Colleague: 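Would you mind keeping the following structure in view while I ask a few things?
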Amino acid sequence: MELTAHQEIVREKLSRLIEAFCPILYEDDETFLENMKNRNLAGDDIRRYQHWEWTQGVGLYGLWKWFEKTQDRAYLDILIRYYDAQLEIGFPALNVNTVTPFLTMSYLGEYLQEEKYLAPCRQTAEWIMACFPRTEEGGFQHMTSDTLNDQELWDDTLFMTVLFLANMGRIEGKQAYIAEAEKQFLLHAKYLADPETGLWYHGWTFNGRHNFAGAFWGRGNCWVTIAIPVFLEMVEVSDETKKQLVQVLSRQVDSLIRCQNENGMWHTLVDDPASYVESSATCGFGYGILRAVRAGLIDPGCRQAAMKALNAILGYIGEDGVVQQVSYGTPMGRESRDFYKKIEIKSMPYGQALAMLFLMESLD
């Protein structure tokens with residue numbers, strides 16, 4: 001299916017995705033909230049977490065990119081209402097996942113030149129630099145709202161926290177933030193990128209020095225496919241850092257293409273055809289590949305794999321605009337790769353956002 005022959009279908013599906021986004025953004029995650037009643041590390045009012053976690057943060061980034069593309073005030077107003085409501089409620093304690101919504105807030109504050117949005121972002125960036133729990137070698141420990149994850153690096157930290165820090169470095173003109181972001185990208189690559197395949201393990205622990213179940217988790221890998229080109233377009237980095245990250249990305253994408261299902265989708269365990277195909281990872285891979293091709297970071301021939309994925313993912317967007325076949329939030333598979341095959345399928349804001357980003361990028 002050539003894009004030129006199906007642009008109207010893509011635009012129609014994109015319109016439905018965006019219409020369905022807000023109800024999903026504000027849909028309570030009862031499983032998460034119930035867990036937070038008993039395992040909330042900071043002891044915060046759980047209302048502060050109700051719509052402020054990584055799941056919403058990724059979704060808001062997708063909506064911001066849509067506003068950036070269309071300049072339609074209606075989408076800006078959605079973001080303003082969201083952040084104003086959270087300002088009234090207050091922010092939860094900071095960790096990898098609660099930093100994520102600040103990425104879009106930093107863009108919003110910069111665009112509007114509005115201190116009420118920029119000030120919390122500035123405070124968050126300062127906290128990351130001074131207080132974020134660290135692993136050996138200074139990595140950002142993947143502390144979440146309910147788990148310390150002592151001495152652990154996870155592949156989603158780069159998107160969830162490090163991109164925000166880099167963006168604040170750009171906005172504030174603070175080279176130290178950008179240098180720290182460079183360090184985090186390279187350190188995570190050192191311990192999570194498999195030297196044989198180029199695929200990324202879900203995590204690494206310095207307590208035992210291993211990659212847990214050794215899983216090449218789909219959505220975890222897609223955060224990397226997205227984060228590297230976004231980071232390299234966001235800020236200026238050293239030539240050596242760029243060279244290393246482009247090599248890491250190219251090796252990952254080469255393996256992704258070899259693992260792609262014949263129908264264009266990717267599996268929730270990238271290298272395991274017996275695991276279910278998963279929409280959010282597929283959209284993330286498609287978006288990241290297209291963005292990397294556009295930026296001249298990887299071989300233009302990789303675009304073909306992304307367009308094959310686009311043809312497939314269009315069939316997973318329902319008439320109601322909800323993306324189907326999205327896996328629920330996934331903690332670390334510590335013992336067995338089979339853990340990933342049992343994760344629930346559920347509509348989520350990040351599923352909507354990753355599909356929005358993918359379809360938007362395909363139209364450029």
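The shown structure was predicted, so the numbers you read here are calculated from the model rather than taken from an experiment. Start at 1 with the first residue, then count along the sequence. Atom set for the values below is all heavy atoms of this structure, side chains included, hydrogens, waters and symmetry mates excluded.
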Colleague: Apply salt bridge (charged side-chain N to carboxylate O under 4.0 Å, His left out) to Lys346 and list each qualifying residue two or more places apart in sequence or on a separate chain.
Modeller: Glu27
Colleague: So, using side-chain hydrogen bond (donor to acceptor under 3.5 Å, both in side chains) as the criterion, who are the partners of Gln86 when residues are at least two apart?
Modeller: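 Residues passing side-chain hydrogen bond (donor to acceptor under 3.5 Å, both in side chains) with Gln86: none at all.
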Colleague: Apply salt bridge (charged side-chain N to carboxylate O under 4.0 Å, His left out) to Lys342 and list each qualifying residue two or more places apart in sequence or on a separate chain.
Modeller: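 By the salt bridge (charged side-chain N to carboxylate O under 4.0 Å, His left out) rule, Lys342 matches no residue at all.
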Colleague: Taking the six-membered ring for Trp, are Phe67 and Trp64 closer than 6.0 Å centroid to centroid?
Modeller: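 Yes, close enough.
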Colleague: What residues form a side-chain hydrogen bond (donor to acceptor under 3.5 Å, both in side chains) with Tyr111, not counting sequence neighbours?
Modeller: Gln71
Colleague: Do the charged groups of Glu180 and Arg134 touch, with an N to O distance under 4.0 Å?
Modeller: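 Here Glu180 pairs with Arg134 in a salt bridge, since their nearest N and O are under 4.0 Å apart.
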Colleague: Please report the interatomic distance CD1(Ile345) to CD(Glu278), rounded to the nearest 0.5 Å.
Modeller: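 If I round to the nearest 0.5 Å, the distance is 6.5 Å.
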Colleague: For the residue pair Phe140 and His142, is the inter-centroid distance of their aromatic rings smaller than 6.0 Å?
Modeller: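 Not close enough - the centres of the two rings lie 6.0 Å or further apart.
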Colleague: Checking His267 now: which residues fulfil ring-ring contact (aromatic ring centres under 6.0 Å, His included) with it, not counting sequence neighbours?
Modeller: none
Colleague: Test of understanding: with salt bridge (charged side-chain N to carboxylate O under 4.0 Å, His left out), list the residues that count as partners of Glu115, not counting sequence neighbours.
Modeller: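 Expected list: Arg122.
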Colleague: Picking from Phe212, Trp217, Trp223, Phe339, what satisfies ring pair (Phe, Tyr, Trp, His ring centres under 6.0 Å) with His202?
Modeller: Trp217
Colleague: May I ask you to check whether Phe159 and Trp54 place their ring centres under 6.0 Å from each other?
Modeller: no
